[in-house]
Engineer: 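Structure incoming, see below.
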Amino acid sequence: MDLQKRNEDMRRFFAERCDGYDDVHAEFMPTKSAITDALPEGTARILDLGAGTGLELFSLFARFPLAEVTAIDLCAEMLARLAERPFADHVRIICGDFFSADLGVGYDAVISTSALHHFAPADKLMLYRRIFAALRAGGLFINSDYIVDSSESEARQFSLYRENDGTLPHIDTPLTAEHEHELLIAAGFTAVTADPVDRDNYLLFRAQKPLN
Ligand SMILES: C[S@@+](CC[C@H](N)C(=O)[O-])C[C@H]1O[C@@H](n2cnc3c(N)ncnc32)[C@H](O)[C@@H]1O
């Protein structure tokens, strides 16, 4: 999978759909607020990967009104919506690629939702290592995202992506929960858990950077 091409497909896909995005994702709100519920009391510095229009930040700022959030996304059109949110003053917005941008360091939590189910395992491992490096010791990575229920489905989605002749605008390539778990452990995380959220084919992954 060519990561640069994948990113460009993604950027264009969301730029063309940002107008109706919030309506389409209204039914996903429980998968987004589940992240806030999983954060410990006192969480203050947060990095949001693939923040889009910032829907997950409504519940986050309701619980942590003084949080300092850094939000990164490839798509300027999606981020323009985020910049209009009532909490935008508390958000540092980066328009860039989370595989290559300077993510910063020392976060209490790195969060992501609906944004990481498009990448080959080797690229995901690289990203999970970047997330690990961006967290403070003891910090948490929390990802609420699509999964598939078997290795066969995982392989089928990747072949569909490879064989797409351009007729399908967007093909998801989620991994199985076991595969996600393996990659998180390989990146150095500990205490990795995966819990159901209020949507089929979604899980809430929670992984901790060890304290020492
Ligand atoms: C389905 S949207 C999710 C937005 C938001 N997190 C939510 O749940 O409503 C996925 C977002 O991930 C962003 N994205 C995908 N790949 C990215 C990358 N490599 N770097 C930064 N953002 C990326 C897309 O531009 C898009 O805005």
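In listed order, ligands and their atoms are each counted from 1.
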Engineer: Quick one: nearest non-hydrogen protein atom to atom 1 (C) of ligand 1, plus distance?
Structural biologist: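 Going atom by atom, the protein heavy atom closest to atom 1 (C) of ligand 1 ends up being Ser114 O, 3.2 Å.
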
Engineer: Pull out every atom of ligand 1 sitting under 4.0 Å from any heavy atom of Met78, numbered as shown with elements.
Structural biologist: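 In order of number, 27 (O).
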
Engineer: Is the backbone N or O of Thr53 less than 3.5 Å from a side-chain atom of Arg85, with the two atoms forming a donor-acceptor pair by type?
Structural biologist: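 Checking the backbone N and O of Thr53 against the side chain of Arg85, a donor-acceptor pair under 3.5 Å is found.
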
Engineer: Does ligand 1 have any atom sitting under 4.0 Å from a heavy atom of Gly96?
Structural biologist: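 In this structure, Gly96 qualifies as a contact of ligand 1 - some heavy atom is under 4.0 Å.
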
Engineer: Can you pull out the closest protein heavy atom to atom 22 (N) of ligand 1? Residue, atom name and distance to 0.1 Å, please.
Structural biologist: Leu74 N, 3.2 Å

Engineer: Okay, side chain of Asp73, backbone of Leu79: is any donor-acceptor separation there less than 3.5 Å?
Structural biologist: no

Engineer: Does Phe13 have Arg11 sitting over its ring (NZ/CZ under 6.0 Å from centre, angle to axis within 45°)?
Structural biologist: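 Relative to the ring axis of Phe13, which defines the angle, Arg11 lies outside at least one limit.
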
Engineer: Output yes when a side-chain donor or acceptor of Gln208 lies under 3.5 Å from a complementary backbone atom of Leu140, and no otherwise.
Structural biologist: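 The answer is no, because no donor-acceptor pair under 3.5 Å joins these two groups.
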
Engineer: After noting the C-alpha distance and the side-chain angles of Glu180 and Tyr128, does the key distance pass the side-chain hydrogen bond (donor to acceptor under 3.5 Å, both in side chains) rule?
Structural biologist: CA-CA 10 Å; Glu180 284 290 343; Tyr128 289 173; 2.5 Å; yes

Engineer: How far is atom 8 (O) of ligand 1 from its nearest protein heavy atom, and which residue and atom is that?
Structural biologist: Lys32 NZ, 2.6 Å

Engineer: Is it true that a side-chain atom of Lys124 and a backbone atom of Leu116 form a donor plus acceptor pair closer than 3.5 Å?
Structural biologist: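 Such a contact is found between Lys124 side chain and Leu116 backbone.
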
Engineer: Determine whether any heavy atom of Phe28 lies closer than 4.0 Å to an atom of ligand 1.
Structural biologist: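 Per 4.0 Å heavy-atom rule, Phe28 does not contact ligand 1.
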
Engineer: Once salt bridge (charged side-chain N to carboxylate O under 4.0 Å, His left out) is applied, what residue pairs with a partner in residues 195-212 remain, sequence neighbours excluded?
Structural biologist: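 Pairs touching residues 195-212 that pass the test: Glu27-Arg199.
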
Engineer: Using a 4.0 Å cutoff against the non-hydrogen atoms of Phe119, which atoms of ligand 1 qualify?
Structural biologist: 16 (N)

Engineer: Where is the nearest protein heavy atom to atom 19 (N) of ligand 1: which residue, which atom, and how far?
Structural biologist: Asp97 OD1, 2.9 Å

Engineer: Is a side-chain donor or acceptor of Ser112 paired with a backbone partner of Leu49 at a separation under 3.5 angstrom?
Structural biologist: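 Yes; at least one donor-acceptor contact below 3.5 Å.
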
Engineer: May I ask you to check whether Ser33 and Ser59 show a side-chain donor-acceptor distance below 3.5 Å?
Structural biologist: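 Distance-only check fails for Ser33 and Ser59.
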
Engineer: What atoms of ligand 1 come closer than 4.0 angstrom to any heavy atom of Met10?
Structural biologist: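 Near Met10, the atoms of ligand 1 are 15 (C), 16 (N).
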
Engineer: By number and element, which atoms of ligand 1 are closer than 4.0 Å to a non-hydrogen atom of Phe14?
Structural biologist: 1 (C), 2 (S), 10 (C), 24 (C), 25 (O), 26 (C)

Engineer: Can you tell which of Ala115, Gly52, Gly50 gets a heavy atom nearest to atom 6 (N) of ligand 1?
Structural biologist: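 Looking at heavy atoms only, the winner is Gly50.
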
Engineer: Quick one: look at Asn7 and ligand 1, take heavy-atom pairs under 4.0 Å, and tell me if it's side chain, backbone, both or neither.
Structural biologist: side chain

Engineer: Determine, for Asp2 against Arg6, whether the closest basic-nitrogen to carboxylate-oxygen distance falls under 4.0 angstrom.
Structural biologist: no

Engineer: Geometry only, no angles: is Thr53 polar-contacting ligand 1 at N/O separations under 3.5 Å?
Structural biologist: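 No; every N/O pair is 3.5 Å or more apart.
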
Engineer: Quick one: does Asp172's side chain have a donor or acceptor within less than 3.5 Å of a partner on Pro174's backbone?
Structural biologist: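 No, the answer is negative, given that no donor and acceptor are paired below the 3.5 Å cut-off.
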
Engineer: Of all the atoms in ligand 1, which lie at a distance below 4.0 Å from a heavy atom belonging to Glu56?
Structural biologist: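 Numbered from 1, ligand 1 contributes 5 (C), 6 (N), 7 (C), 8 (O), 9 (O).
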
Engineer: For Tyr21, is at least one N or O under 3.5 Å away from an N or O on ligand 1?
Structural biologist: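 Between Tyr21 and ligand 1 (N or O atoms, distance only) the closest approach is under 3.5 Å.
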
Engineer: Are any of the N/O atoms in Asp48 less than 3.5 Å from those in ligand 1?
Structural biologist: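 Among all N and O atoms of Asp48, none is under 3.5 Å from an N or O of ligand 1.
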
Engineer: Please classify the Ala51 to ligand 1 contact at 4.0 Å (heavy-atom distances, strictly less than): side chain, backbone, both or neither.
Structural biologist: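 Ala51 to ligand 1: backbone contact only, side chain stays beyond 4.0 Å.
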
Engineer: Starting from atom 27 (O) of ligand 1, locate the nearest protein heavy atom and write down its residue, its atom name and how far away it is, to 0.1 Å.
Structural biologist: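 Minimum-distance protein heavy atom for atom 27 (O) of ligand 1 reads Asp73 OD2, 2.7 Å.
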
Engineer: Is it the case that the side chains of Glu68 and His90 hold a donor-acceptor pair, with the cut-off being a distance below 3.5 Å and no angle test?
Structural biologist: no

Engineer: What protein heavy atom sits nearest atom 14 (N) of ligand 1, and how far away is it?
Structural biologist: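 Answer for atom 14 (N) of ligand 1: Phe98 CE2, 4.2 Å.
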
Engineer: Please list, in number order, the atoms of ligand 1 under 4.0 Å from a heavy atom of Phe99.
Structural biologist: 19 (N)

